[in-house]
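Note sheet for the following structure.
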Amino acid sequence: MNKELAKKIIKQSLQDSLAEIRDSNDLMLKLLEESDWSIVIKSHALIESVVTELLISHTNEEMLRATIKRLPLSDSSIGKLKVAKDLGLMNSSQQIFIRKLSELRNDLVHNIENVSFSFKNFAEALDANQKRAWLKALAWQEENIDESQAITELFESMPKISFWLSINSLVSVIQIDIAEIKGTHKINAEAAAFANDIVNKIV
């Protein structure tokens with residue numbers, strides 16, 4: 001396979017990734033107009049969707065989609081996060097944040113009274129240990145100290161925005177990872193086809 005074809009595949013993968021990031025950003029922006037309860041529920045669903053796509057892209061087996069979709073997200077034994085960890089697709093900080101978000105989401109959906117959930121009231125009700133745990137979870141961006149610090153500082157004055165930024169950033173990072181994986185699969189497939197063509201010409 002020639003370099004030009006490889007470059008074309010990489011460029012297309014990046015373009016696809018940017019398009020998906022724009023779509024998810026648009027969705028997240030619209031969520032800011034909804035209730036805090038909706039932000040938690042819908043953003044959690046978005047994260048589960050991109051984690052599912054991450055696993056499917058890695059396996060490169062579309063036939064596994066239905067099976068992977070049925071897996072719970074945060075179950076420590078059989079969940080999507082456990083599979084992602086075993087495959088080395090997500091780091092521990094990302095998983096800690098998603099598990100914390102899953103805990104919050106589960107608390108909200110199992111009690112109808114929680115539809116009035118407020119990030120502000122939630123943050124103010126945390127004790128010192130709970131607050132420390134959430135700040136650590138929100139600052140999952142290990143390699144981006146500035147972004148991580150900004151998000152944790154916002155937690156004090158605008159917890160809703162702090163959550164939103166951390167979620168949106170994570171979704172974007174996972175979508176970029178998906179694009180890289182798909183691009184690698186395409187390049188490998190083209191390389192294999194090229195090698196097979198050479199062998200056929202020789203024999």
Side-chain angles (χ1 to χ4, degrees), residues 17 20-21 23-32 34-112 114-115 117 119 122-123 126 130 133-143 147-148 151 155 159-182 185:
S17 173
E20 290 175 357
I21 289 174
D23 289 343
S24 64
N25 283 346
D26 288 344
L27 174 60
M28 289 296 294
L29 284 170
K30 290 178 181 178
L31 281 183
L32 284 175
E34 299 189 22
S35 68
D36 290 2
W37 184 90
S38 292
I39 290 177
V40 174
I41 305 305
K42 294 183 180 181
S43 63
H44 183 273
L46 177 60
I47 286 178
E48 180 161 16
S49 175
V50 294
V51 172
T52 297
E53 194 60 39
L54 178 67
L55 295 177
I56 295 169
S57 298
H58 178 79
T59 62
N60 203 27
E61 293 290 347
E62 186 62 29
M63 67 179 66
L64 294 177
R65 179 176 292 275
T67 299
I68 293 174
K69 285 181 70 173
R70 282 197 293 269
L71 295 175
L73 177 59
S74 298
D75 189 286
S76 59
S77 299
I78 60 171
K80 295 183 179 78
L81 294 185
K82 176 64 165 59
V83 178
K85 178 182 178 181
D86 291 344
L87 294 174
L89 298 176
M90 298 181 69
N91 63 42
S92 59
S93 295
Q94 292 170 329
Q95 297 209 2
I96 287 172
F97 172 61
I98 295 176
R99 290 186 193 283
K100 291 290 290 181
L101 185 62
S102 290
E103 291 174 5
L104 177 58
R105 177 261 181 196
N106 290 340
D107 287 342
L108 296 186
V109 298
H110 292 148
N111 189 336
I112 189 63
N114 288 329
V115 293
F117 168 81
F119 281 112
F122 172 76
L126 296 175
Q130 292 172 327
W134 267 109
L135 288 175
K136 179 181 179 181
L138 287 165
W140 61 266
Q141 305 89 344
E142 295 176 330
E143 298 179 357
E147 181 177 1
S148 178
I151 288 174
F155 187 79
K160 176 178 181 176
I161 301 303
S162 180
F163 270 83
W164 185 91
L165 287 172
S166 195
I167 293 167
N168 194 53
S169 179
L170 179 58
V171 170
S172 297
V173 167
I174 296 175
Q175 288 175 323
I176 291 172
D177 289 341
I178 291 171
E180 291 178 349
I181 291 171
K182 288 182 176 180
H185 285 320

Do you know the tightest heavy-atom contact between [X] and [Y]?
| X | Y | answer |
| --- | --- | --- |
| Ser74 | Leu81 | OG-CD1, 3.7 Å |
| Val50 | Ile174 | O-CG2, 3.7 Å |
| Asp107 | Asn114 | O-ND2, 2.8 Å |
| Asp75 | Ile78 | OD1-N, 2.9 Å |
| Ser102 | His44 | OG-NE2, 2.8 Å |
| Phe163 | Leu138 | CA-CD2, 4.0 Å |

ask   = Would the number of heavy atoms belonging to other residues, nucleotides or ligands and lying under 6.0 Å from NZ of Lys100 be above 12?
value = yes
message = Around atom CD1 of Ile112, are there more than 12 heavy atoms from other residues, nucleotides or ligands closer than 6.0 Å?
response = no
Side-chain touch [X]/[Y], heavy atoms, less than 4.5 angstrom:
| X | Y | answer |
| --- | --- | --- |
| Asp86 | Lys82 | yes |
| Asp177 | Leu54 | yes |
| Ser166 | Phe97 | yes |
| Ile151 | Trp164 | no |
| Leu126 | Phe155 | yes |
| Val173 | Trp140 | yes |
| Ile167 | Leu46 | no |

About how many Å separate [atom2] of [Y] and [atom1] of [X], when rounded to the nearest 0.5 Å?
| X | Y | atom1 | atom2 | value |
| --- | --- | --- | --- | --- |
| Leu32 | Leu27 | CG | CG | 10.5 Å |
| Leu73 | Glu48 | CG | CD | 4.5 Å |
| Gln94 | Ser169 | CD | OG | 9.0 Å |
| Ile176 | Ile181 | CD1 | CD1 | 12.0 Å |
| Lys80 | Leu55 | NZ | CG | 8.0 Å |
| Gln141 | Ser93 | CD | OG | 9.0 Å |

note = With sequence neighbours left out, the residues meeting side chain to side chain contact (heavy atoms under 4.5 Å, CB included) with Asp36 are Ile39, Phe117, Ser118, Phe119, Lys160
note = side chain to side chain contact (heavy atoms under 4.5 Å, CB included) filter on Thr67, not counting sequence neighbours, yields Arg70
message = Pair Arg105, Ser43 - check side-chain contact (heavy atoms from CB on, under 4.5 Å), show working.
response = CA-CA 10 Å; Arg105 177 261 181 196; Ser43 63; over 6 Å; no
message = Considering only residues two or more places apart or on different chains, which pairs with a residue in residues 51-61 satisfy side-chain hydrogen bond (donor to acceptor under 3.5 Å, both in side chains)?
response = Glu53-Arg65
Full working for side-chain contact (heavy atoms from CB on, under 4.5 Å) between Ile68 and Val83 = CA-CA 10 Å; Ile68 293 174; Val83 178; over 6 Å; no
